[in-house]
There are 2 protein chains.
Amino acid sequence: MSVRIDETDRKILSELQTDAGRSLDEIAKAVGSSKTPVWNRIRKMREAGIIGPPTVVPDAEALGFEATFFVLIRTSEHEADWQRRFLAALQARPEVQEAHRLAGDIDYILKVRVKNARAYDVFYQALISEVRVYNVTALLSMEELKSTRALPL
Amino acid sequence: MSVRIDETDRKILSELQTDAGRSLDEIAKAVGSSKTPVWNRIRKMREAGIIGPPTVVPDAEALGFEATFFVLIRTSEHEADWQRRFLAALQARPEVQEAHRLAGDIDYILKVRVKNARAYDVFYQALISEVRVYNVTALLSMEELKSTRALPL
DNA sequence: GCTGAAAATAGGCGGGT
DNA sequence: ACCCGCCTATTTTCAGC
């Protein structure tokens, strides 16, 4: 399932992940190639699922999402059914922007974006009423120092 | 500096943050409006900085970035100069995808994406050689259950 | 697999309502 | 402020090399 990506593909991705709004001509010039081959490579990478659709990142602060929490979760339950319900709950809640299953002491970490601390409490109460967790620690972000999804290609 | 966003703007943002690749006509139809007003609203939101340029999210796994760490950092140093250097180090390192200054016990959390555990160690050694930290805990992600930057508008 | 051009489509802009 | 249609740029396809 691993895909072979050459240097040109990497350059194209690098351009797209910083600004996908430019014309093919500009991107082609930036990577030292021409329109058609660049277009073909992008199409192939889309089909291979290496890149998703272009998206726009809204400014959370400007839209009133002023509270970000990182939530560390321990659970004592590790049965398949519990996991399935927990996963479904995370997927269903739009305030959960990231969810990872971890190795070690802490079982899960979530990144939760909400309008304010009050809204976090609503989320938290709803979550623990849906699935049983052993211990939850919420870390409140005071300042977002960096936020990107760009990979160092 | 707060911007007034009405229901139509919210709908447009909602469309754009899931797929910015569709034509203006399609988006206009989806939000129940027409080309010109939608275009004007998008332009205004871009100018106001509410949305950045369209970008494409590459599939990290497919590109060989197979290790994600969440790094919890405690420090004893809180002088302005230390903070400045720490911030500069984070900005300069492309493997740092997120960095937040926290309230409470733990001072900072980072999300670090690297090719493998070995690469994380390289990053870690480089970081602690640049800035002094008191305590570092790395949480290794076993599975990315959810990852989005979309806001619930 | 690249080039260049042709066809299809969407962005951008002005006038009208 | 929105709707409509024109013009232009860009995307997408397809021939030939």
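Heavy-atom basis, side chains included; hydrogens, waters and symmetry copies ignored. Predicted model, so just to flag it, every value in this text is computed and none were measured. In what follows, chains are A, B, ... by sequence order, proteins preceding strands, each numbered from 1.
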Problem set entry | Which residue lies more 5' along DNA chain C, comparing A:K44 with B:D25 via nearest heavy atoms |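 Counting from the 5' end, the first nearest nucleotide belongs to A:K44.
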For this session: Say whether B:R149 and A:T55, considering side chains only, have a donor N or O and an acceptor N or O under 3.5 Å apart.
Result: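 No pair is found: no donor N or O on one side chain lies under 3.5 Å from an acceptor on the other.
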For this session: Would you mind classifying the nucleic acid contact of B:S23 as base, sugar-phosphate or nothing, using non-hydrogen atoms under 4.0 angstrom?
Result: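 Sugar-phosphate only.
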Check the distance between [N]'s [atom2] and [X]'s [atom1] and give it to me in whole angstrom.
| X | N | atom1 | atom2 | value |
| --- | --- | --- | --- | --- |
| B:I27 | C:dG12 | CD1 | P | 12 Å |
| B:N40 | D:dC3 | CG | C1' | 12 Å |
| B:D6 | D:dA1 | CG | P | 11 Å |
| A:R43 | D:dT13 | CZ | P | 7 Å |
| A:L24 | D:dT13 | CG | C1' | 13 Å |
| B:I12 | D:dC2 | CD1 | C1' | 12 Å |
| A:L16 | D:dT11 | CG | P | 11 Å |
| B:E7 | D:dC2 | CD | P | 14 Å |

Taking only side-chain N and O atoms of [X], does any of them lie within less than 4.0 angstrom of OP1 or OP2 on [N]?
| X | N | value |
| --- | --- | --- |
| B:S33 | D:dC3 | yes |
| A:W39 | D:dT11 | no |
| B:R41 | D:dC2 | yes |
| B:R22 | C:dT9 | no |

Problem set entry | Along DNA chain D (nearest heavy atom to each residue), the more 5'-positioned of B:K35 and B:T8 |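 Comparing both residues, the 5'-ward one is B:T8.
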Problem set entry | B:F123 and B:V112: CA distance, side-chain angles, deciding distance, side-chain contact (heavy atoms from CB on, under 4.5 Å) verdict | CA-CA 9 Å; B:F123 161 78; B:V112 178; 3.7 Å; yes
For this session: Check if the side chain of B:T36 and the base of D:dC4 share a donor-acceptor pair of N or O atoms closer than 3.5 Å.
Result: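 Yes, a donor-acceptor pair under 3.5 Å.
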For this session: Starting from the C-alpha separation in whole Å, work towards a yes-or-no answer on side-chain contact (heavy atoms from CB on, under 4.5 Å) for A:V57 and B:Q17.
Result: CA-CA 6 Å; A:V57 180; B:Q17 74 178 352; over 6 Å; no
Quick test of your reading of the model: are [X] and [Y] salt-bridged, counting only N-O distances below 4.0 Å?
| X | Y | result |
| --- | --- | --- |
| A:R10 | A:E7 | yes |
| A:E98 | B:K146 | no |
| B:K44 | B:D9 | no |

For this session: Could you go through the salt bridge (Lys or Arg N to Asp or Glu O under 4.0 Å) check for B:R101 and B:D107 one step at a time?
Result: CA-CA 6 Å; B:R101 186 167 59 80; B:D107 295 307; over 6 Å; no
Seminar exercise, completed: Encoded 5' to 3' (Watson-Crick or G-U under 3.5 Å; [ ] crossing; | other strand), DNA chain C becomes ||||||.||||||||||
